[in-house]
Every structure is written in C-alpha cells, then in structure tokens.
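Written out below as structure tokens is the structure these notes cover.
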Amino acid sequence: MIKHLLAGLVVGSALTASALPASAAVDNDLPIRWNTGGAVWSTNTEAMTTFLETGEVTDRGLRGGLDGSGWSDEEVREGLTKTYDVDMIGVSRFLYSDEGVRFLKNQTTSYFPYHSKTEYSVQALRSAIIADARDGSISSAGIMANLPVDMRLADFCGTYTGAQNVCAEGQCQGEAQCTSLLSWYVFLPACIQANQVTPPVAEVRRTTVAPAPMAQPQPQIIRGLW
C-alpha cells in the first residue's frame, strides 16, 4: 500500500541560508529523542540500524514510535529504506529558496535539534538532506544518518504537540499517518524529489541551411597560336 502512496506523491514547498553553530557541527548518535511531558527516551543509531537491516526492534522508544505510526513495522521499514533519485544541485536550489525555507520550517514544527530547538531546525534538516543527496539519491534512512545533531520529537509544556506536518497531503490516512514522526520520515524524500529545482533544458532548434550556390564555370579565354 505504501508503495502506491509514495509513487503518486507530488507536493509544493520552501527556505534561507544560515550555518549551524560550530558547537552543533558534530555527528549525531541520537536521531530521535522522544520527549513526552517530563519523560525522555532516546533511540540511538544502533537501534535504528538494527531495525532497518533486520526488522528487529530492540528499543522501546522505537517500538512506541512504530505502534503510533499508522503503518505496520514492515511498511515503515520499507518506506525508510526506499531511495529516490535526485540532483543535488536541484535539491539545494529548492532548499535555499524562500519556498524551501518555508517548507523546512513547516516540516520541523515538533522535530528539531535537542538543545537549540527551532532556532537551527531549518539548517539541521537542510544539512542532512543535502548531505544525503551527494550521491544522486536520498532516503529517509540516509537523511536520518546525516543529521548533524541529536534531534528531539517534542511534546511538552503546551508549546509543542509532538505532531509533524507530514508533507503527503491527501496521501496519508488518519491522524497517526498524517502526524507521526516515522510516517513523516517515510514521505519526506518523495516531497524533496518532487520539489527539486532543475534547470530548464535548452531548446535546440534545427535550422535548414540552404546549400551554397555552385560556382559557375568561367568562360575560358581562347588564345591564338601566334
């Protein structure tokens, strides 16, 4: 089912340039820190890798995320590992456009860097997407692996709801599929692929060149023998 939803996804979206602070420019080991009220549980890279490679769930936070995703474990695993062909320059053009900035802000309403929260959320997600696009393809798993900082899913203090704006408008069904973090991750690469900005193909016009007129033979001067 998820294959059909992803295949038909076309979305519109947004962005601004700004570098992450030097203190944040480090590899992350905790791609998801689940915040619910006063409770915090971190799902590390090892647990995510185990799930993606084998389907085995060894982490209770991941188990809860899967149960609340609106999809089966296998559908989430398939969606997270599905690859999409992209052009890195086209992806960068989109993510650094005004539309791209708006898109990234909208996509990080509850999921953002653990310490700086929304201050650098646009830069963090943009960095991960572009880093994953370097080889000409992206996936949810690849974006997650390239996050420059630990990220949290925030649901506390009445400020953050823990709901993500899944970009697959009209493609997701039910609250879980349309707001959960893992469902958001499943659809994200398809949205990026659909919105990458590729340069227009130059139109090549064929022109018919008339053949050059053949040179007319010049009359020969007849010289006498004298």
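Because the structure is predicted, anything quoted here is derived from the model rather than measured.
The shortest heavy-atom contact between Met151 and Ala124 is SD-CB, 4.4 Å. Across all their heavy atoms, Ser110 and Gly162 have their closest contact at OG-N, 3.2 Å. Closest approach of Leu52 to Ala141, counting heavy atoms only: CD1-CB, 3.6 Å.
Looking at Pro113 and Asp150, their side chains never come closer than 4.5 Å, going by heavy atoms from C-beta outward. When side chains are defined from C-beta on, Trp71 does not count as touching Leu182, because their heavy atoms never get closer than 4.5 Å. Here the side chains of Val122 and Gln107 are not in contact, with every heavy-atom distance at 4.5 Å or above. Residues Ile192 and Ile138 have side chains in contact (heavy-atom distance under 4.5 Å, counting atoms from C-beta outward). In this structure the side chain of Val149 never reaches within 4.5 angstrom of the side chain of Tyr114, judged on heavy atoms. Side-chain contact between Phe187 and Ser183 is present, with at least one heavy-atom pair separated by less than 4.5 Å. Looking only at side-chain heavy atoms (C-beta outward), Leu181 and Ile32 come within less than 4.5 Å of each other. The side-chain heavy atoms of Val166 and Gln177, taken from C-beta on, include no pair separated by under 4.5 Å.
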Under the side chain to side chain contact (heavy atoms under 4.5 Å, CB included) rule, what do Ser97 and Val197 come out as? Steps first, then yes or no, please. CA-CA 10 Å; Ser97 69; Val197 180; 5.8 Å; no
In sequence, state the C-alpha distance, the side-chain angles, and the governing distance for Tyr111 and Tyr160, and then conclude on ring pair (Phe, Tyr, Trp, His ring centres under 6.0 Å). CA-CA 9 Å; Tyr111 184 61; Tyr160 305 106; over 10 Å; no
Evaluation steps, side chain to side chain donor-acceptor pair (under 3.5 Å), between Asp85 and Ser137: CA-CA 4 Å; Asp85 293 335; Ser137 68; 5.3 Å; no
Test side chain to side chain contact (heavy atoms under 4.5 Å, CB included) on Arg93 and Asn195 and set out the steps. CA-CA 10 Å; Arg93 284 194 181 103; Asn195 285 283; over 6 Å; no
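Taking the six-membered ring wherever Trp is involved, the centroid distance between the rings of Tyr120 and Phe112 does not fall below 6.0 Å.
Here Leu80 contributes atom CG and Met48 contributes atom CE; the two are 5.5 Å apart, rounded to the nearest 0.5 Å. Atom CZ of Arg33 is separated from atom OG of Ser42 by 4.0 Å, given to the nearest 0.5 angstrom. For the atom pair CZ (Arg134) and OG (Ser92), the distance works out to 11.0 Å, reported to the nearest 0.5 Å. The line from CG of Leu66 to CD of Glu74 is 11.0 Å long, rounded to the nearest 0.5 Å. Interatomic distance, CE of Met144 versus OG of Ser139, reported as 9.5 Å (0.5 Å rounding). From Glu46, atom CD reaches atom OG1 of Thr43 across 12.0 Å, with rounding to the nearest 0.5 Å.
Side chain of Thr58 to backbone of Ala47: no donor-acceptor contact under 3.5 angstrom is found. A distance-only check finds a donor-acceptor pair linking the side chain of Arg77 to the backbone of Glu53 [under 3.5 Å]. Checked by atom type and distance alone, the side chain of Asn146 pairs as donor or acceptor with a backbone atom of Gly142 at under 3.5 Å. Under the 3.5 Å distance criterion, the side-chain polar atoms of Gln196 are matched with a main-chain donor or acceptor of Asp87.
Tested against Asn165 for a side chain to side chain contact (heavy atoms under 4.5 Å, CB included), the candidates Thr109, Thr179, Thr108 yield a single pass: Thr109. The one candidate from Asp135, Ile130, Ile129, Asp132 that meets the side chain to side chain contact (heavy atoms under 4.5 Å, CB included) condition with Met88 is Ile130. Between Thr45 and the options Leu147, Thr50, Leu30, Asp29, a side chain to side chain contact (heavy atoms under 4.5 Å, CB included) holds for only Asp29.
A salt bridge does not link Asp67 with Arg60: every distance from a Lys NZ or Arg NE/NH1/NH2 to an Asp or Glu carboxylate oxygen is 4.0 Å or more.
Note that Lys82 lies in the cation-pi zone of Tyr84, set by a 6.0 Å cut-off to the ring centre and a 45° limit from the axis.
Trp41 and Asn35 share no side-chain donor-acceptor pair at under 3.5 Å.
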